[in-house]
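Read through the structure below, which is laid out as structure tokens, and then see the notes.
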Amino acid sequence: MSTQLESETSALAEDTVEMTYREAVNAALFDEMESDSRIYLLGEDVANDGGVFKTNAGLPEAFPGRVTNTPICENTFIGMALGMSVTGLRPVVEVMFSDFLATAADAMIEELPKFRFMTGGQCSVPVTVRSIGGGGGRFGTQHSATGESWFIAFPGLIVASAGTPAGAYGVLRAAIRHEDPVVFFEHKGLYARKGHVSRGEDQIAEVGKAVTLRSGSDVTIVATLLMADRALQAAEELAGEGIDAEVVDPRWLRPFDLPHIHASVARTGRLVVAEEQVHAGGWGATLISSLTVAGVTFEVAPAIVGLPDDVLMPYSPSLEDAIIPSAAAIADAVRGLS
Amino acid sequence: MSTQLESETSALAEDTVEMTYREAVNAALFDEMESDSRIYLLGEDVANDGGVFKTNAGLPEAFPGRVTNTPICENTFIGMALGMSVTGLRPVVEVMFSDFLATAADAMIEELPKFRFMTGGQCSVPVTVRSIGGGGGRFGTQHSATGESWFIAFPGLIVASAGTPAGAYGVLRAAIRHEDPVVFFEHKGLYARKGHVSRGEDQIAEVGKAVTLRSGSDVTIVATLLMADRALQAAEELAGEGIDAEVVDPRWLRPFDLPHIHASVARTGRLVVAEEQVHAGGWGATLISSLTVAGVTFEVAPAIVGLPDDVLMPYSPSLEDAIIPSAAAIADAVRGLS
Amino acid sequence: MSTTAVDARVEWYRRMLEIRLFEEKVQELFMEGLVQGTTHLCQGQEAVSVGAISALRDDDYLTITYRGHGQALMRGVSMEACFAELMGRSSGCCKGVGGSMHFTAVDKGLLGAFAIVGAGLPVALGAAYSAKLRGLDSVALTFCGDGATNIGTFHEALNIAAAWKVGIVFIVENNLYGEYTPLRETTPLDDLAERAKAHAMPGVIVDGQDVDAVHAAVSTAVARGRAGDGPSLLEMKTYRFRGHSRTDPAKYRPEGELERWRERDPIVLLGEQLAGSGALSAQEQTEMREEVQIQVDATAERAKEGPLPTIEEIRSYVYAA
Amino acid sequence: MSTTAVDARVEWYRRMLEIRLFEEKVQELFMEGLVQGTTHLCQGQEAVSVGAISALRDDDYLTITYRGHGQALMRGVSMEACFAELMGRSSGCCKGVGGSMHFTAVDKGLLGAFAIVGAGLPVALGAAYSAKLRGLDSVALTFCGDGATNIGTFHEALNIAAAWKVGIVFIVENNLYGEYTPLRETTPLDDLAERAKAHAMPGVIVDGQDVDAVHAAVSTAVARGRAGDGPSLLEMKTYRFRGHSRTDPAKYRPEGELERWRERDPIVLLGEQLAGSGALSAQEQTEMREEVQIQVDATAERAKEGPLPTIEEIRSYVYAA
Ligand SMILES: Cc1ncc(C[n+]2csc(CCOP(=O)(O)OP(=O)(O)O)c2C)c(N)n1
Ligand SMILES: Cc1ncc(C[n+]2csc(CCOP(=O)(O)OP(=O)(O)O)c2C)c(N)n1
Ligand SMILES: [Mg+2]
Ligand SMILES: [Mg+2]
């Protein structure tokens, strides 16, 4: 392998190395493409200069003919991926900004999740859609959604995400290997984030399993994507005050690992959800409702830290920062519980 | 007015008459179009023979040039409606089956709700999108979604629905008059349902206000669309057993009338949500989570009656009926609480 | 015309009859409440299904629409499985969960029938592109209606197909209406083959009532695709004898239109030729129709006996893993 | 050429300079971190904005894209409001909440700049259709890129416009790339004006570096729309001198391509003509550039002083009611 990204880590393959979230995505794509020649990457500008977010560096060279720039037509190239998947290939599609998933919503809602079902289970649909979302980049109102909960209501689909570099590596590989359609959310604000990542087959995540990023006994913070990162920072901050927070990244939003979080909350008795989305219709609301319906009674009402419901993402940098929950806001929510 | 639908009711205008949900929709459209010449109807086949669901009977004749058949391109004709609305008109768009809202999701998610905000509040966007959803019609996997919660996570949009003929009349008129974009959900399984409807300006619903369809003291059943109808039946059934159920139709899913339901639950102490959708990502989950976060503790855990999470809507008539919650299932859920 | 060609045309005649009588039977079953929900029948358009699909190899692909019963039958989906599907039986071609709009047979390369207008085009494109990537010369055929040429995916799919020289044939069945709305109200041209020009591919107008013309045009386009020369757009001028769906009385038709098109009934047209050439006399045609009618009736009866699916069964169709 | 025409062209020259120097300044401010996120600049494409928008009346409409700074300036949005927007000030043309991609001035008929490729076309179409319904002869202009001709809404909008004879002019700025990908990789033709044929409307290729040619072509199309004769598609052959966005170094350009296009710099081309005709000497052009530079610099400085929006302020932009 000739790319810089890879050469940094190849010497240490199978060992734990420090790499960025971006490099972890790249490594997952590389390792999967190397292990299975049926995998093809598709998307806008994916083959040029590493792609818009540089996650694909080196892949076109390493896998000639297997990384292809598409025209701008998200709905059609995801529909194409369906056709590729039922004829023996395993396409991985990049949707540059998660907001563009709206353009592709027919493919995402009506086709990918339903195809197997409505044909009476004639085939599987192993398509992976990678989608890059999230705010903080000053991209404004139409380029900042995480999109992470847009598709949680559609049986037939798997919805995944990663809040850490190791998660990006393990979850993305699992997504690509999965026989059902998966939409995998990355966060552009995390690409430069470093973390310890081990490469190799044994690092492939288990579909549907949440991970505890930090163990703690006083409160459970459940958070995805950038919020998982900030929740870890909040936990550090709280540790200094003697509050021992557990941080859980659910990773899979459909299916959702309710037992894992239920168990954690049963231990800590307290719950904070941190999400870069409004409360309505999100996995956070679904989680709290599921626990409540399951009979969990909270000594202290759980708290939600998320995007405000009465505003959209502004360009104005100071307001964008004010709106996206900070580590301090998460810590405050924890403090506010007691 | 010359149409049959209308002549049935015109003699009694301003008085309460019995009419179907379909006639109520028709009456709302008629009365609004009559009161405001800026209203134009657009959609596929809307001007032919009353439209696919016959809700538009008589309108093309009564309002020549104001009801127009579009090509099949949901995303574009909703985007057009945006352009019409910011230049002085008040378009009402029909989306024949709610599943087709996925085709139009860019307009629904990225354009209508965001336009006013991202221009710094330069104008309002008075567009109404009527969308007809729901199962029970044996239309299969791609024509049965209610879609009612698909857009609850998008500030800038208003999401409305109606579970009764009177609701259809009052809420649809309110939607059309509203200055912000509204998506209004109708249920095709309710069109033939009869109910008492009063016509006139004073019957226009208040945006954001839930209604109590039946008062009761033992349990609160919150339900929309066809489920509201079935919840009323369930309440009758339960009344025979001495259980006095309150039935609330939230009508507006964004903004959601939490105080109304909170107050009801505070009185009854018990909650059942009945929804024709999966739990994940829905208004039901959002409601229960909101109550929990607000500190409501339930003596008995609330229950949810909804679509199963592990199956999609099948064509097979017997299974379709098995999957959509019946009045009996709602009543059972209430019984199961105690 | 060679003997094989004559034989093929007799076979085509039978296949068109099968489709016609199948659809008539579906209408009957719908009126009886045995088929529920909706149906979109294709009487009048049989020559398109038969002429086009007879030009394919077994290892080619196709996608169809909710109006695809004829195409599914022609591709070899068993008539019993089709009837059973319409009656919601687990012996149906989609185990009774798909219904009228989703006839699929992945094992026959029939990669789906879509109830969302335009949704089948990208899928067929993906299959054809997949063949190209895998070094195969399989091509894909995709059917859509005139109304579907107004939705974005139509153009998006044509664009990619042409830009990447994918071996796919786009067949537009121009039956003059999208639901109840005549083409001219929603579309600025009468000849949809023109739309090929936006994507630098051949666009051909074909008499969709003439099964030979259909077969010839599709064969040429398929050969082009197989040779690696890229896609084609074929517009089939055709007509549906029934309304759009269910019990639509089609009151929107101008007077005389249906009658004029009935004169161009593809079965009658081919029948006249076959009688003229002596390949199949009028008498033989009547006998064949009776035979097929018996087959259709008997098959429908058998299909009614199919088992109903259980909820456990259909749960397993949601996820593969 | 009449005096007015000469005056207009001198004015166009100034407007192109303003756009050019505005965009250069934006790049500077971006490097300084005062403009954040992203920018999509239009240096090289100024003649399209100036030639096209000068053909409109005040009561006409337009929609633009994320690459629309030049168009907004030409439509009369104040330069200070533009700079302020880019720096997230509430004195910005969208109160600082829109940013680089959403320059809008509803009061000037500029009905939005869209960051979703293709999303502006339906909106402009709706505005033009609205004028038609209201009995006005206002038309709409909508700008998009070459890459946008591959997305569904492009064709959907052209189709409706032609089917209903809506007075709209579709302008494709063909700058040869969609982000980093050359047109030919994603599109099967070089002349996008051809795409008009799919929708039975005139399609015209225009030299987008020649402001006179742009103005003439757009004027003709606008007149056609105003007369009720329907839409037109105009393809402007042009080029962006900068990368796609932000700091894109545009390494994907073949050698010499940028240099060849720089020779067709629209400002230089018009400048040569004006110098030749004596309307504006080289010396006067230099002075004008200096003047504009001073104006741009001073305006940017003033814009920096604009107040930052508060959260309360921007909350009121979400809902009108
Ligand atoms: C995206 C979408 N919009 C609307 C519909 C409803 N619909 C079903 S068939 C149809 C007409 C299609 O016309 P055409 O493409 O000409 O095919 P035909 O039915 O005539 O065979 C419409 C509008 C749909 N299924 N999908
Ligand atoms: C639906 C959608 N998909 C992808 C993008 C990302 N994107 C922004 S600009 C662009 C290229 C557009 O190219 P073109 O239409 O030629 O316009 P240009 O940028 O060259 O002016 C892309 C792919 C987007 N904004 N919207
Ligand atoms: Mg048709
Ligand atoms: Mg371009």
Side-chain angles (χ1 to χ4, degrees), chain A residues 37-38 40 42 65-66 68-91 93 103-104 106-107 109-127 154-158 174 177-182 207-208 254-255, chain C residues 61 63 85 90 92-99 101-107 109-116 118-131 133-134 136 138 140 142 151-160 163-164 166 309 313-321:
Chain A
S37 62
R38 297 169 302 172
Y40 285 81
L42 289 177
R66 289 171 58 194
T68 305
N69 295 324
T70 61
I72 308 167
C73 56
E74 284 79 2
N75 199 46
T76 286
F77 63 72
I78 296 180
M80 270 187 83
L82 199 169
M84 291 166 72
S85 78
V86 296
T87 53
L89 302 182
R90 302 182 74 89
V93 179
T103 298
D106 181 65
I109 292 174
E110 300 292 329
E111 317 306 335
L112 285 185
K114 295 183 174 178
F115 190 81
R116 177 179 154 83
F117 179 78
M118 72 193 189
T119 64
Q122 290 183 38
C123 57
S124 60
V125 180
V127 171
F154 302 106
L157 202 63
I158 304 282
R177 295 200 160 202
H178 200 65
E179 284 304 312
D180 293 303
V182 182
V207 173
R254 163 169 286 277
Chain C
Y61 301 114
T63 68
E85 186 60 35
S90 61
C93 58
C94 298
K95 309 290 171 68
V97 305
M101 303 204 275
H102 301 298
F103 285 14
T104 302
V106 172
D107 60 344
L110 171 51
L111 304 177
F114 297 84
I116 302 296
L121 281 76
V123 176
L125 176 65
Y129 181 57
S130 154
L133 291 174
R134 288 175 295 135
L136 306 176
S138 296
T142 178
I151 201 162
T153 42
F154 173 83
H155 289 281
E156 292 179 350
L158 265 72
N159 177 65
I160 293 188
W164 298 353
V166 180
E313 238 171 272
I314 74 168
R315 268 196 200 112
S316 72
Y317 308 149
V318 179
Y319 289 105

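In what follows, every heavy atom counts, from backbone to side chain, and hydrogens, waters and symmetry copies are set aside. To find a chain, count down the sequence lines: A is the first, B the second, and so on, and within it residues start at 1.
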Answer key: most heavy-atom pairs under 4.5 Å with chain A among C:L121, C:T153, C:I116, C:N159 is C:I116
On a heavy-atom basis, the closest approach of C:I160 and A:P71 is CG1-CG, 3.6 Å
Toward chain A, the part of C:I314 with a non-hydrogen atom under 4.5 Å = both
Atom group of C:Y319 that falls short of 4.5 Å from chain A, counting heavy atoms = both
Of A:T68, A:I72, A:I78, the largest count of non-hydrogen pairs under 4.5 angstrom with chain C goes to A:T68
Region of C:F103 in contact with chain A, defined by heavy-atom distances below 4.5 Å = neither
Among A:L82, A:V86, A:D106, residue most engaged with chain C (heavy-atom pairs, under 4.5 Å) = A:D106
Rounded distance (nearest 0.5 Å) linking atom CG of C:L111 with atom CD of A:Q122 | 9.5 Å
Below 4.5 Å from any heavy atom of chain A, which atoms of C:A163 appear? Answer side chain, backbone, both or neither.
-> neither
Non-hydrogen atoms of A:M118 and C:C94 that approach each other most closely = O-CB, 3.5 Å
Where on A:T70 is there a heavy atom nearer than 4.5 Å to chain C: the side chain, the backbone, both, or neither?
-> both
Sort C:S316 into side chain, backbone, both or neither according to what part of it lies under 4.5 angstrom from a heavy atom of chain A.
-> backbone
Verify whether one side chain among A:T87 and C:S130 offers a donor that lies under 3.5 Å from an acceptor in the other.
-> yes
Return the option, out of C:G99, C:A105, C:G96, with the maximum number of heavy-atom pairs under 4.5 Å with chain A.
-> C:A105
Check whether A:L157 gets within reach of chain C through its side chain, its backbone, both or neither, counting any heavy atom under 4.5 Å.
-> backbone
